[in-house]
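Everything below concerns the one structure shown next.
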Amino acid sequence: MTTLISHHEIRDRFSKAMSAMYQAEVPQYETLLELVAEVNRETLERDTELAERLEAHDELNRLGVERHGAIRVGSAEELAMLRRLFAVMGMAPVGYYDLSEAGVPVHSTAFRPIDDEALARNPFRVFTSLLRLELIESPELRERAAGILAARDIFTTGARELIALNETQGGLSDEQAERFVEEALETFRWHRDATVDLDTYEALHAEHRLIADVVCFRGPHINHLTPRTLDIDEVQRRMPAAGMNPKEVIEGPPRRACPILLRQTSFKALEEPIRFAGDRQGTHTARFGEIEQRGVALTAKGRALYDRLLGESRRRTAGLSNEAHQRVLAEVFADFPDTEAELHRQGLAFFEYRTTEAGREAGAIAETEIEIERLIEQGLITARPITYEDFLPVSAAGIFQSNLGGDGSEAYAGHANREAFEEALGAPVTDELTLYAERERSSLDAALTSLGIPPVR
Ligand code: OOG
Ligand code: NI
């Protein structure tokens, strides 16, 4: 009988292989990794409280391996096969992101591990976008693009075989996993040769640069990888001296005592030489490097407040430098509570509960009306913030646009279509809020049970 290794082990190997490939392909990404490691080291030395918290929350170990990537595909078949490929690595589609609202003709999901242990081991995520050909206005161009896409296969025969084997066996052996990582990597590799001639490229490019990026190549090259930093403002500041050209502003919420959600920035996409069919030379600009800083996941109530404040600040930040942009954001977000206690009390963020030493010693607590706040005040349980593991549509749009040029086209707006996306994917996407709520709930149940209190419903 074949001994199977864990899906999480395969994901860990794959994410490391992917990072090695991207470092070799895009040397600036290697520089970015070094810069992030340096700033993380300095931050942990300076802020021992943060270091202790990350250690206690099982996040210090994963920090060095943590990263996400992004790809864009062109058809339902490609997306559905990717779902099966990511399943080999214990990654499932979480969240639906409509980017048409921001003028980018795609909708997306994030393939990522789901349970705590898997996230602690290696939270590798891939933001995956499906091109929406139906949003291309010209019928000729739409058909030409669809024809080109139909003629390509972005998966190797070996990858297809191993994906099928994973499904029948329920996993892969060590040796099969090694081969899988090698074969799967081929799908994400960069190709200097376009599959189309320069004229076709230019016609698609004129409709939207993203369409040219998806349609004109053999595969959905990984377009960036993103390590996690503990001080994004500092990395942004140091980028130019390290030879990188940062995007103008850091996306997401401002710097805060209690970081929320996700802050992101990138160095801008590089212009790279391409050989087009008919042996003509040209260039294509697609690949970049990104960094992110993660904070606590927000509840629906917290997210509504975030969206409202972000909307308010957007009216005042248009065209500002990053410094001025961050100042305005900080002013507007003064309305967002910035202590763990207040975030908890107002139900704005998700927390994980644990019984304390004192709680365990106290044994059974007789409470008819259980007030979690009181149990926390009495030191019987603790509540610690749950890290946000997902993405933000407005930030994603900002990242897309800074690397695609321009502000995107209004023409695509208002076309969210989750059903069509799920049909292409061949499965529903998991709602991210439900995952955080379940995690909070089960930790609370366990903590209360250990105090002899029946779980609240
Ligand atoms: C994806 C852009 C979004 C993020 O982290 O939100 C993104 C892309 O450019 O394909 O990377
Ligand atoms: Ni990204």
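The first residue of the sequence shown is numbered 1, and numbering continues consecutively from there. In each ligand, atom 1 is the first atom listed, and ligand 1 is the first ligand listed.
For Phe188 and Tyr22, the distance between ring centers is not under 6.0 angstrom. Taking the six-membered ring for Trp and the full ring otherwise, Phe391 and Phe127 have centroids separated by under 6.0 Å. For an aromatic pair to be called close, the ring centres must be under 6.0 Å apart, and His284 with Phe217 satisfies this. A ring-centre distance under 6.0 Å is not found for His68 and Phe124.
Residue His224 places a heavy atom under 4.0 Å from ligand 1.
In the vicinity of Ala396, heavy-atom distances shorter than 4.0 Å reach the ligand 1 atoms 3 (C), 6 (O). Short contacts between ligand 1 and Phe391, defined as distances under 4.0 Å to a heavy atom of the residue, involve ligand atoms 4 (C), 5 (O), 6 (O). Close contacts of ligand 1 with His68, meaning ligand atoms under 4.0 Å from a residue heavy atom, involve 5 (O), 11 (O). If you number the atoms of ligand 1 from 1 as listed, the ones under 4.0 Å from a heavy atom of Glu290 come out as 4 (C), 5 (O), 11 (O).
By the 3.5 Å distance cut-off applied to N or O atoms, Ser129 is not counted among the residues near ligand 1. The N/O atoms of Ser395, backbone and side chain alike, include none that comes under 3.5 Å of an N/O atom in ligand 1.
Counting heavy atoms closer than 4.0 Å to ligand 1, residue Ala70 contributes side-chain atoms (C-beta onward) but none from N, CA, C or O. By the criterion of a heavy-atom distance under 4.0 Å, the side chain of Asn223, and not its backbone, is placed next to ligand 1. In Glu292, neither the side chain nor the backbone holds a heavy atom less than 4.0 Å from any atom of ligand 1.
Ile260 pairs in a side chain to side chain contact (heavy atoms under 4.5 Å, CB included) with only one of the listed residues (Leu348, Leu298, Leu305), which is Leu298.
Remark: among candidates Arg72, Arg125, Gln264, the nearest residue to atom 10 (O) of ligand 1 is Arg72, based on non-hydrogen atoms.
Using modelled atom types and a 3.5 Å distance limit, the side chains of Glu183 and Thr156 yield a donor-acceptor pair. Between the side chains of Tyr436 and Asp390, a donor-acceptor pair is found at a separation under 3.5 Å.
The minimum heavy-atom distance between Tyr97 and Ala110, with the atom names listed, is CE1-N, 4.3 Å.
Looking only at protein N/O/S atoms, the ones less than 2.8 Å from the Ni ion (ligand 2) make 3 in total.
Ring-plane geometry between Phe421 and His107 is classed as perpendicular, the angle between the planes exceeding 60 degrees on a 0 to 90 degree scale with a lower cut at 30.
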Name each donor-acceptor pair under 3.5 Å that joins a side chain in residues 249-258 to protein atoms two or more places apart or in another chain, with its distance.
residue	atom	partner	partner atom	Å
Glu251	OE2	Lys247	NZ	2.6
Arg255	NH1	Asp231	OD1	2.9
Arg255	NH1	Asp233	OD2	2.6
Arg256	NE	Cys258	O	3.2
Arg256	NH1	Phe336	O	3.4
Arg256	NH2	Pro337	O	2.7
Arg256	NH2	Asp338	OD1	3.1

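Of the charged side-chain nitrogens involved, none lies within less than 4.0 Å of a carboxylate oxygen, so that Asp197 and Arg280 do not count as a salt-bridged pair.
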